[in-house]
Number of protein chains: 2
Amino acid sequence: MGETAADGIRFFCRRRVEGGATDAAMLGHKGANLAEMARLGLPVPPGFTLDVTLTRRIAREDGMTPETMAQIGEAVVLLEEETGARFGGPGRPLLLAVRASTRRALPGLLPAMLNVGISRPVIESALAAGEDAAFLWDCYRRFLHGYGHLVLGMTHEAFEYELEDFREALGLAPDMPLEAAQLEELAGRYEELIAEAGGGPVPEEPREQLHVALLAAARAWNSPRVREAQRLYGVPTEWGAALSVQAMVFGNRDADSAAGVAVSRDPVSGEKALAGEYLPRAQGEDIVAGLRTPWPITEEERRRSGLDVPSMELSMPDAFAALLKTVAMLERHYRKPQNIEFVVEDGRLWLLQALPARLGPAAALRAAVDMVREGLVSREDAILQVDPYQLEKLLHPVLERAGARALARGIGASPGAASGEVVIDAEEARRLAAAGRSVILVRPETTPEDIPALQSVRGILTARGGMTSHAAVIARGLGIPCVAGVGVLEIDSAAGEVRIGGRVVRLNEWITIDGASGEVFRGRMPTRQPALSQHFHTLLEWADAVRSLEVRANADTPREAEVALEFGAEGIGLCRTEHMFFGTERLALLQELILSTDPAHRRDVLQRLEAAQGEDFRAIFAVMAGRPVTIRLLDPPVHEFLPRSDVEIETVAKRLMVPPERIRARVTALMEYNPMLGHRGARLMMTQPALLSMQARAMFDAMRALSAEGRAPSRLEIMVPFIMSAVEMARMRAMFDKAAEAFARDTGETPAYTLGCMIELPSACMNADAIATHAAFFSFGTNDLTQTVLGLSRDDAGRFLHIYLEEGLLPHDPFVSLEEAAVLPFIDMAVRKGREAREGLLTSACGEHAGDPRSIRLLATCGLDAISCSPYRVPIARLAAAQAALRSRNDEAN
Amino acid sequence: MGETAADGIRFFCRRRVEGGATDAAMLGHKGANLAEMARLGLPVPPGFTLDVTLTRRIAREDGMTPETMAQIGEAVVLLEEETGARFGGPGRPLLLAVRASTRRALPGLLPAMLNVGISRPVIESALAAGEDAAFLWDCYRRFLHGYGHLVLGMTHEAFEYELEDFREALGLAPDMPLEAAQLEELAGRYEELIAEAGGGPVPEEPREQLHVALLAAARAWNSPRVREAQRLYGVPTEWGAALSVQAMVFGNRDADSAAGVAVSRDPVSGEKALAGEYLPRAQGEDIVAGLRTPWPITEEERRRSGLDVPSMELSMPDAFAALLKTVAMLERHYRKPQNIEFVVEDGRLWLLQALPARLGPAAALRAAVDMVREGLVSREDAILQVDPYQLEKLLHPVLERAGARALARGIGASPGAASGEVVIDAEEARRLAAAGRSVILVRPETTPEDIPALQSVRGILTARGGMTSHAAVIARGLGIPCVAGVGVLEIDSAAGEVRIGGRVVRLNEWITIDGASGEVFRGRMPTRQPALSQHFHTLLEWADAVRSLEVRANADTPREAEVALEFGAEGIGLCRTEHMFFGTERLALLQELILSTDPAHRRDVLQRLEAAQGEDFRAIFAVMAGRPVTIRLLDPPVHEFLPRSDVEIETVAKRLMVPPERIRARVTALMEYNPMLGHRGARLMMTQPALLSMQARAMFDAMRALSAEGRAPSRLEIMVPFIMSAVEMARMRAMFDKAAEAFARDTGETPAYTLGCMIELPSACMNADAIATHAAFFSFGTNDLTQTVLGLSRDDAGRFLHIYLEEGLLPHDPFVSLEEAAVLPFIDMAVRKGREAREGLLTSACGEHAGDPRSIRLLATCGLDAISCSPYRVPIARLAAAQAALRSRNDEAN
C-alpha cells in the first residue's frame with residue numbers, strides 16, 4: 001500500500017504517525033493521544049483512527065462506501081505488517097479493538113468493542129499454528145459479549161449472569177481461571193444467548209466483523225443514552241466521535257500477561273509514588289467489572305493493603321521497571337499527573353491510554369507543588385493544574401460515609417458536613433445551642449429573623465430554596481453546611497416530627513447533613529476536618545503573584561473579617577450593614593424605627609442604632625487594620641425586617657405603646673408581593689434619609705476613632721445598593737456630601753471616603769455612563785443582576801430550574817455559575833460604558849459568583865479590577881483569578 | 001436712540017419687532033407671542049423682552065450692570081416715543097408691566113408686577129395735567145400690592161384683607177367702585193402695611209422701581225416655590241425665564257375701560273362662538289381674584305347666565321367687534337382655538353396675551369373637526385390639536401361633583417365614576433351584584449380569585465396598589481372605575497366597617513368613587529355617560545388614515561372583543577388565556593390540575609379545560625370574524641391560582657379525595673416569594689407540557705370549527721410569554737410543531753398559525769437576534785419589562801414611587817408612561833437585533849403603555865408595527881398613533 005493517508009484515516013504506528021495531542025477535535029481524545037504517545041516512541045500497539053468527519057458520514061449514511069471499506073482494508077494491512085500477524089489468520093491472528101472517543105474524555109460512556117476478528121474458523125487455524133486454546137476461547141467469548149452488547153443492544157448482565165451461573169455450576173472460586181474446554185463451552189452458551197436474542201448468526205469473516213463494529217460504534221453517538229450523556233456533561237452533539245482501531249495486545253494471553261491501571265502520584269496524598277492495580281491473565285474490563293479483586297502494583301501498596309497476593313513490582317519486575325520509566329516520561333511530557341491503562345503481554349509492557357489523573361483535592365495540590373520543585377512543570381502550569389472547585393473540599397469538614405444510605409438528597413448549598421439534633425424552632429435552636437447541644441436547624445426556609453439561631457447551629461436543612469437562598473448564603477458566610485431544597489421534607493410541628501421522603505424523624509433525633517453532596521442521613525456520622533497543608537499556602541502564594549484581580553471578602557462581622565484575612569483576602573469588598581441589625585435587640589430597634597410614627601421616639605432609636613453600628617464598624621476596621629473596606633448601606637426591603645409572629649407584634653406594640661392591631665395593620669400594609677423588586681436599597685435611603693445620615697455618621701465616627709492608630713481603612717468605600725438611575729445616584733451623592741459636611745462642621749474633621757454603587761439592575765447597566773459621572777466605583781451584585789436580567793427569583797427558581805438544567809436549556813444553575821449569554825454581556829456593557837464616562841472607575845463583583853471559578857473566568861474577561869466573595873471561598877477565588885489571568889495571557893499570545 | 005438691538009433686549013413695538021412665536025426658548029412664551037402678535041399688526045401695547053440669557057445673568061449677579069441699566073433706559077425711551085407718554089411723567093404717565101415667562105405657559109406661577117412707575121410725585125404731576133384721581137390712586141394701590149408681594153415676599157392676603165376691611169368699614173357692596181379719596185386712603189394704609197413688614201420706603205423713582213421689579217422677577221426663577229413648580233410641571237430649571245416689559249393699558253381708567261378674557265370656541269360644547277368674561281373699570285387680576293363677579297361677554301351668554309348685567313357685546317359694541325375680528329385672525333394664524341386676555345381702554349381694544357385654549361374634551365374634538373371644515377386648519381393640524389389624554393374622559397361616566405368634599409384621595413387607576421354599596425367580601429359582592437344591587441368592592445388589594453366578583457361590580461376601591469396593580473389592570477380592561485392605593489383606608493371585617501381617613505363607613509353604606517381624580521365620596525352621587533359625538537368618529541377616521549401603527553385591543557372575552565371592534569380595533573393583539581380560567585368552576589379545575597398527583601385525574605381535568613377553552617376561543621374568533629388574533633399561552637405564576645382560604649382548600653381536598661393538610665402543605669410549598677419572577681410563562685409550559693398541548697389543541701380546534709364560515713382569524717398568532725432565552729424559544733417552537741403535527745394526524749387538517757413571543761425580560765432583549773430566528777413576531781410586554789429593567793414591582797412601588805415623582809427622580813410613573821432612559825433603549829435594542837436576524841419580524845407592544853399617548857409616541861420611535869391596548873383605550877391609541885406618525889414626518893422634514 002502507498003504512504004498517502006486515506007481520506008479521514010490517520011495512523012498511529014511505529015512507521016507512520018499522523019496527528020498528535022492537539023488533534024482531539026478531529027481524532028477524539030483517544031486517537032489524538034495514542035498518536036502523541038506513538039510519536040514519543042512509547043510502546044503503543046499500532047492502529048489508526050477514523051476521524052470525526054468520516055465517522056459522522058458513516059453514521060449519516062448508515063454504512064460505508066466501497067472506497068471507505070477498501071481504505072480500511074488497506075489500513076489493516078499496515079497493522080498486519082507492523083504486528084507480523086494476519087487479520088483472520090492463518091496462524092497467530094491479529095485481533096482488533098474499536099474504540100469511540102470525542103474531544104473530551106467521557107469515561108465509560110462511549111462504546112468500545114474488543115477482540116474483533118476472532119471466530120471459530122480463526123480459532124481452528126490458530127490452534128493448528130500452536131496458539132493456546134484457553135486464550136483463544138477466552139478471546140472469542142469476550143468478542144461475543146461485546147458483539148451482543150454493542151451490535152445487538154443486549155445487556156452486559158445477560159452475559160455476566162451466564163458466566164456466574166456457569167462458574168457456580170462448576171463450583172469455581174471467582175479467582176480460579178477457566179480451562180480451555182470450559183471456555184469453549186461458555187462461548188457456545190454465549191452463541192445461544194445471541195441466537196435467542198434474535199441476533200442471527202454472528203459474522204465469521206473478520207472484515208465483516210470490523211465493518212459491523214465500526215458502524216455500530218459510529219451510530220452510538222446519536223443513541224438516546226449517549227445524547228443524554230452529552231447533555232449531562234455539556235458536550236455539544238456537533239463535536240461528534242472518532243473511531244480508533246488498534247491491534248489487540250493480550251493481558252489474558254498467559255501467566256506472564258496482565259492488564260492494569262496506574263496513577264503516577266498517590267491519588268489521596270499526592271505523594272510521588274506509583275499507585276495502581278493489575279490482574280494477571282485478564283483484559284482491562286476485568287478490573288473495572290469487579291468480578292475479580294485486582295492486585296496492588298507496588299510492594300508498598302501490597303503491604304499496606306495486607307493482601308496475600310504478589311505485587312507487579314515483584315512478579316513482573318521488567319514490566320514494572322518499564323512502567324516506572326514510561327510514567328515518568330509521560331508526566332514530563334504532559335506536565336500533569338498521569339492515569340494510564342496498560343497491558344503486559346508475555347512480559348512486555350504496552351500502553352493503551354494515558355489521561356490526566358483525577359487526584360483528590362489535597363493530592364492534586366501536593367502533586368502540583370511537587371512537580372514544580374521537581375522541575376517538571378512551571379509555577380504557571382501548577383496553578384492551571386489544580387481545579388479550584390476541588391479546593392473547597394479542603395476547607396470544610398468532610399463526611400466519613402462508608403456506604404451509608406441517605407434519607408434524601410437536596411441541593412448541597414454550603415459545603416461541609418455536620419451532625420446534630422433536629423430542631424424546627426429558631427428560638428429553641430438558639431437556646432439548645434447555647435446550652436452546648438449540637439443542633440441542625442430544620443425549616444421550610446430561613447428568614448433574617450433566624451440569623452441569631454443560624455449563628456449558633458451546626459448546620460441548616462431546608463425544604464425550599466437553592467444555592468442562593470437565604471439559608472445558603474448565610475450558611476456559606478458562616479462556613480457551616482447547608483442542604484437546601486429538600487422537596488420531600490415535611491415539617492409537622494403539631495406532631496412534633498419531620499418527615500423526610502415519608503420516613504419519620506422525631507424532634508431532637510440526630511441527623512447528619514452533607515453540604516457538599518446535598519445528602520441527609522439518619523443518625524450521627526463521623527466527620528473529618530482536613531488540615532491545610534503547606535502545599536496549599538505555597539500554591540496560593542504563586543497564584544497571588546500571577547493574578548491581576550484583587551481578591552477581597554464579603555464580611556459583616558469582625559469574626560468573618562478575621563477568617564477572611566486568614567484565607568488571604570486583601571480587604572473587605574462587601575460589608576452588609578443589614579446583617580448588623582440581626583441581633584435580637586437591634587432588630588427590635590429597627591422594627592420600632594419602621595413602625596413608630598413618633599418623631600421623638602424615632603430620633604432616640606436612630607441614636608441607639610448609630611451607637612451600635614459605630615461599634616460594629618470600629619471592630620471591623622480594627623481587624624482590617626488599614627486595608628480597604630467597602631460598606632454597603634442598608635439594602636433589604638423593609639418587608640424582611642417586619643415582625644411576623646403574634647408575640648413579636650405584641651412586643652413591638654408594647655414598646656411603642658400602641659394597640660397590637662395598629663402594628664398588625666401597618667405590618668400588613670408594608671408586606672410586599674415581590675420584595676426582591678420592592679422597597680429596598682437606594683429606595684430606602686430616599687424615603688428614610690435619616691437612615692442614610694445615621695449610617696454615614698457611624699462610619700465617619702468609627703474612621704475618626706481608629707485613624708490615629710492606623711487601623712482605619714486605607715480606603716473607606718461607601719456603596720449604595722440597587723441604584724436604578726443616574727439621577728438617583730446624583731441625589732445619593734448630594735445626600736452624602738451633606739452628611740460629610742455636617743460631620744466636618746461638628747467634629748472639625750473632614751471624613752475621607754469614596755462613594756460608589758452596586759450595579760444590579762439592567763437600567764443601571766444601560767445608563768452606566770451617566771451613573772459613573774456620580775460614582776467612584778461600581779460593584780456588580782451578580783445575584784440580583786441575574787434575577788432581574790433573567791426574570792428569575794432565586795428563592796423560587798427551585799421549582800423549575802432543575803428541568804431547565806436537565807433539558808439543557810441552561811448550561812449551569814445561573815445562581816451558581818454566571819449566565820454567559822445574557823448576564824455577562826450586561827456586565828461587560830456596564831464596565832465599558834462606565835469607563836468611557838469616568839477614567840479610573842473601579843469595578844468589582846461582590847455577588848456569590850465572585851467565589852465560583854467558572855464565573856471568575858467570565859468576570860475577568862470584562863476587565864474587572866476586583867472580586868469579593870465569602871471568606872471561605874477566598875482561596876478558591878485567588879486560584880481561579882490566577883488561572884483567569886494565565887488563560888487570558890495564553891489567549892493573547894495565540 | 002439707535003436702531004440696533006441692545007444685548008439681550010428684543011422689542012415688540014409698532015416700529016420695531018424682533019422675534020416671533022418660534023423664539024419662546026429665548027424670549028419666554030409671553031415675549032415670543034407678544035412679538036408674533038405685534039408682527040401681525042394686532043393691537044398689542046408696545047414693549048420689550050429681556051431674554052433668558054440676560055435675565056439669568058441678572059439673577060446670577062444679583063443686579064444689573066450700568067450698561068444693562070443704560071440699555072433698559074434707552075428701551076423705555078422707545079416706549080415713550082410710541083405711547084406719547086413719559087415714564088414718571090410729567091403729565092399723563094407711562095406705566096409699565098413686568099412679566100416673567102419661560103418656554104411653556106405655566107399659568108399663575110411666574111411673577112408679574114404691574115403699574116410700575118407710579119408714585120406720589122407722579123400722581124401729583126398727572127393730576128396737574130388733568131388725569132383722573134380715582135384712576136391714579138387705584139393704579140398706585142395696585143402697584144403697592146404688587147411691590148409688597150414680589151419684592152418683599154408679603155402675602156396677597158395681607159393686602160386683600162386690608163381692602164375687605166376697608167370696604168366693610170365703609171359699608172360698600174363688592175361691586176361698588178371706590179372713590180378717589182377712598183383709594184388715596186387705602187394706598188396710605190398699604191404704605192403702612194409695607195412699612196410694618198419692614199420694607200422701608202417704597203422707591204419713588206420710576207427707573208428704580210423698574211430695576212427693583214426686574215431684579216425680583218429674575219430672582220424668582222430660583223425661588224423654592226417656583227423650583228417646586230418646575231419639578232411638578234417637568235420644566236427643566238435650565239430653561240430659565242425671560243422678562244417682558246410692556247406699556248400698561250388701563251382697564252381701570254374709566255367707565256369705557258375694562259379687562260377681560262375670551263375664548264374663541266365654547267369651552268364646553270366646542271361650538272364656534274366667542275365666550276368669556278369681562279369687568280369694566282378693572283385690571284386683569286380682578287377677574288382672577290374672585291372679589292368681583294365678572295360679566296359675560298356675549299348677549300347669548302348673558303341670557304343663559306340670567307345675570308342682570310350688560311354684556312360687552314351691548315355695552316362696548318366697537319371693542320366687541322374688534323375682539324371678534326382679532327380672535328378670528330388669531331385662530332387662522334395659530335390654527336388652534338384661542339384663549340386671550342384683553343383690555344379695553346377708553347373704548348379701544350388691546351391684546352395682552354393669546355394662548356391655545358384649554359377646551360373640555362368634547363369641545364376640543366368638535367373645535368378640531370369644525371376648524372377643518374371651516375378651512376382654517378388641515379386634517380393633520382386637527383389631529384395634532386386634540387390631546388389624546390382628554391379623549392379618555394369621553395369614554396367613561398363622569399361625576400357631577402358640585403362641590404362635594406372627598407373622604408379621601410387615592411390613585412385614579414381606571415377612569416369613570418360609579419356609586420354602590422360598600423362590600424368587602426368578593427363572594428358576597430358577586431352575590432349582591434347578581435341580585436341587581438350596585439356594589440363597590442373594597443379590598444386591601446385584589447387577586448385573580450376575585451375576578452368573578454370584579455366582573456359584576458360597579459367599581460373597585462383598594463388600599464394598596466397603583467396604576468398597574470391587579471385591580472387597576474382588570475378594572476381598565478372591564479371599563480369600570482377603580483381607585484387604588486388609598487393609604488388611609490382600613491378594612492375592619494370584625495367590626496363590619498371600613499375606615500377612610502379615620503371616618504367610619506359601614507358595610508352596605510353607599511359610596512361614590514371617581515376613577516379619574518382618585519377621589520372617594522360618601523353617599524351616592526349623580527354620574528353622566530357622555531355620548532360619543534360624530535366629531536369623535538370623524539377625527540378618528542382621519543387619524544386612521546394617517547397612522548402607520550396598527551391598533552389592536554387586549555381582549556379576553558367575546559364581550560371585550562365586541563367593545564374593541566366598536567372602538568375601532570383592527571384585531572386582538574393580546575388574548576390572555578389565564579383570564580379564561582377565572583370562572584369559579586374553571587378555577588377549581590385548574591387548582592385540581594396543579595394539586596393533583598393522579599395522572600388519570602389530571603388527564604380528565606385537562607380534557608375538560610380543553611373543551612372550555614375551545615368554547616372561549618370559538619366565541620372570540622366568531623366576534624373577530626377574520627381579523628387577526630394573538631393568543632397568549634397561560635402566563636401567571638402557579639402561585640396566583642392556588643386556593644388560599646380554608647374553605648377553598650377543603651373543597652379542593654374533597655374533590656381530590658386527599659386530606660386537607662396534604663393540600664395545605666402543597667399550597668405552602670408552591671407559594672412564591674417573588675411570584676413576578678417565578679414559575680410562570682414559558683416556564684409553566686416547560687414543566688407542564690400538557691398545558692401547552694391542551695391550549696394548542698383548543699386553539700386549532702376552534703380555528704377548524706370556524707374557518708369554513710370565514711370567522712376564524714385571518715392570522716392566528718400564538719404568543720409565548722416570558723421568554724428568557726433563544727434555546728427556550730426553540731424548545732417552544734419544537735413543542736408547537738409537535739402539537740400541530742399531532743393535530744394534523746388526528747384531524748387531517750394542518751393548523752395555520754404563527755408562533756412568536758413576548759419580550760419582557762432584559763435577557764430576551766439582549767438575545768433578541770437569536771430568539772428571532774425561532775419567533776415570527778415579538779410583542780413587548782412593557783409592564784413586565786419595566787419591572788425587570790428597573791427592578792420595580794408594580795404592586796409594591798406605591799410605597800416609594802410618589803417620592804421619586806415628587807423629587808423629580810422619575811419624570812412620570814413608569815407604569816403609566818414608558819420610562820425613556822432605560823426601558824425604551826431595551827425595546828429599541830430588541831427591535832433592532834430582532835430585525836437584523838429575521839427580515840419581516842413583526843413587532844408590537846401589548847402592555848398597558850400601549851394605551852398611553854406619551855408612551856405610544858416613544859414606542860413609535862422604535863419602529864414598531866402595532867400596539868395593542870385595553871378596548872376602552874383604542875380610540876386614544878388611534879389618535880396618539882396618528883400624532884406619532886405626523887410628528888415623525890415633521891421631524892424628518894426638519
Side-chain angles (χ1 to χ4, degrees), chain A residues 444-445 463-464 487 490 492 637-639 665 668-670 672-679 681 683-684 686-687 722 724-728 731 760-767 770 784 787-797 799-800 803-804 807-810 819 821-823 825-826 829, chain B residues 444-445 463-464 487 490 637-639 661 665 668-670 672-679 681 683-684 686-687 722 724-728 731 760-767 770 784 787-797 799-800 803-804 807-810 819 821-823 825-826 829:
Chain A
E445 76 272 13
R464 293 157 66 178
E490 291 169 67
D492 189 336
V638 167
H639 180 93
T668 308
L670 288 173
E672 297 188 311
Y673 295 101
N674 298 293
M676 196 267 130
L677 307 177
H679 190 180
R683 297 162 191 178
L684 277 176
M686 281 301 303
T687 55
F722 223 62
M724 178 168 72
S725 68
V727 54
E728 196 182 36
R731 191 64 57 93
E760 310 172 84
L761 291 174
S763 59
C765 296
M766 185 59 88
N767 292 302
D784 280 347
Q787 296 197 87
T788 48
V789 166
L790 300 179
L792 204 59
S793 160
R794 70 179 188 195
D795 290 325
D796 302 310
R799 287 173 193 77
F800 50 87
I803 295 200
Y804 275 68
E807 303 260 324
L809 294 172
L810 280 170
E819 200 274 345
V823 182
F826 276 100
M829 175 204 274
Chain B
E445 76 274 11
R464 292 158 64 178
E490 292 170 65
V638 166
H639 180 94
E661 298 73 51
T668 307
L670 288 173
E672 297 188 311
Y673 295 100
N674 298 292
M676 197 268 130
L677 306 176
H679 191 181
R683 297 162 190 178
L684 278 177
M686 280 302 302
T687 55
F722 222 63
M724 177 168 72
S725 68
V727 53
E728 196 183 36
R731 191 65 57 93
E760 309 171 85
L761 291 173
S763 59
C765 296
M766 186 57 88
N767 292 302
D784 280 348
Q787 297 197 88
T788 48
V789 166
L790 300 179
L792 204 59
S793 161
R794 71 178 188 196
D795 290 325
D796 302 310
R799 285 172 194 78
F800 50 89
I803 296 201
Y804 274 68
E807 302 261 325
L809 293 171
L810 281 170
E819 199 274 344
V823 182
F826 276 101
M829 175 205 274

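Hydrogens, waters and symmetry mates are skipped; everything else that's a heavy atom, side chains included, is used. Order of the sequence lines sets the chain letters (A, B, ...), proteins ahead of strands, with each chain counted from 1.
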Which heavy atom of [X] sits nearest a heavy atom of [Y], and at what distance?
X         : Y         : value
Pro637(B) : Pro675(B) : CG-O, 3.5 Å
Leu677(A) : Met676(B) : CD1-SD, 3.7 Å
Val789(A) : Leu761(B) : O-CB, 3.9 Å

Answer yes or no: is there a side-chain heavy-atom contact under 4.5 Å between Glu445(B) and Tyr673(A)?
->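 Yes, their side chains come closer than 4.5 Å.
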If we only count heavy atoms from C-beta on, is the Thr687(A) to His679(A) side-chain gap below 4.5 Å?
->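 Yes, their side chains come closer than 4.5 Å.
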Looking at Gly681(B), Ala726(B), Pro762(B), which makes the most heavy-atom pairs under 4.5 Å with chain A?
->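 Ranked by heavy-atom pairs under 4.5 Å with chain A, first place is Pro762(B).
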Out of [options], return the one with the most heavy atom pairs under 4.5 angstrom to chain B.
options                                    : result
Leu670(A), Leu790(A), Ile803(A)            : Leu790(A)
Thr788(A), Asp784(A), Val638(A)            : Thr788(A)
Ser725(A), Ser763(A), Ala665(A), Ala822(A) : Ser763(A)
Glu728(A), Glu672(A), Arg683(A)            : Arg683(A)
Gln787(A), Met766(A), Glu760(A)            : Met766(A)

Can you tell me how far CG of Asn674(B) sits from CZ of Arg794(A), rounded to the nearest 0.5 angstrom?
->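 One gets 9.5 Å once the value is rounded to the nearest 0.5 Å.
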Could you state the interatomic distance from OG1 (Thr668(B)) to CD (Glu490(A)), rounded to the nearest 0.5 Å?
->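 It is 10.5 Å, given to the nearest 0.5 Å.
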Between [X] and chain A, with a heavy-atom cut-off of 4.5 Å, which part of the residue counts as in contact: side chain, backbone, both or neither?
X         : answer
Ala821(B) : both
Arg731(B) : side chain
Glu807(B) : both
Leu810(B) : side chain
Leu792(B) : both

With a 4.5 angstrom heavy-atom cut-off, could you sort out which part of Phe826(A) is near chain B: side chain, backbone, both or neither?
->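 The answer is both parts of Phe826(A).
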Contact class of Leu809(A) relative to chain B, heavy atoms under 4.5 angstrom |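 Interface part for Leu809(A): both.
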Might you work through the side chain to side chain contact (heavy atoms under 4.5 Å, CB included) test for Met686(B) and Tyr804(A), ending with a clear yes or no?
-> CA-CA 8 Å; Met686(B) 280 302 302; Tyr804(A) 275 68; 3.5 Å; yes
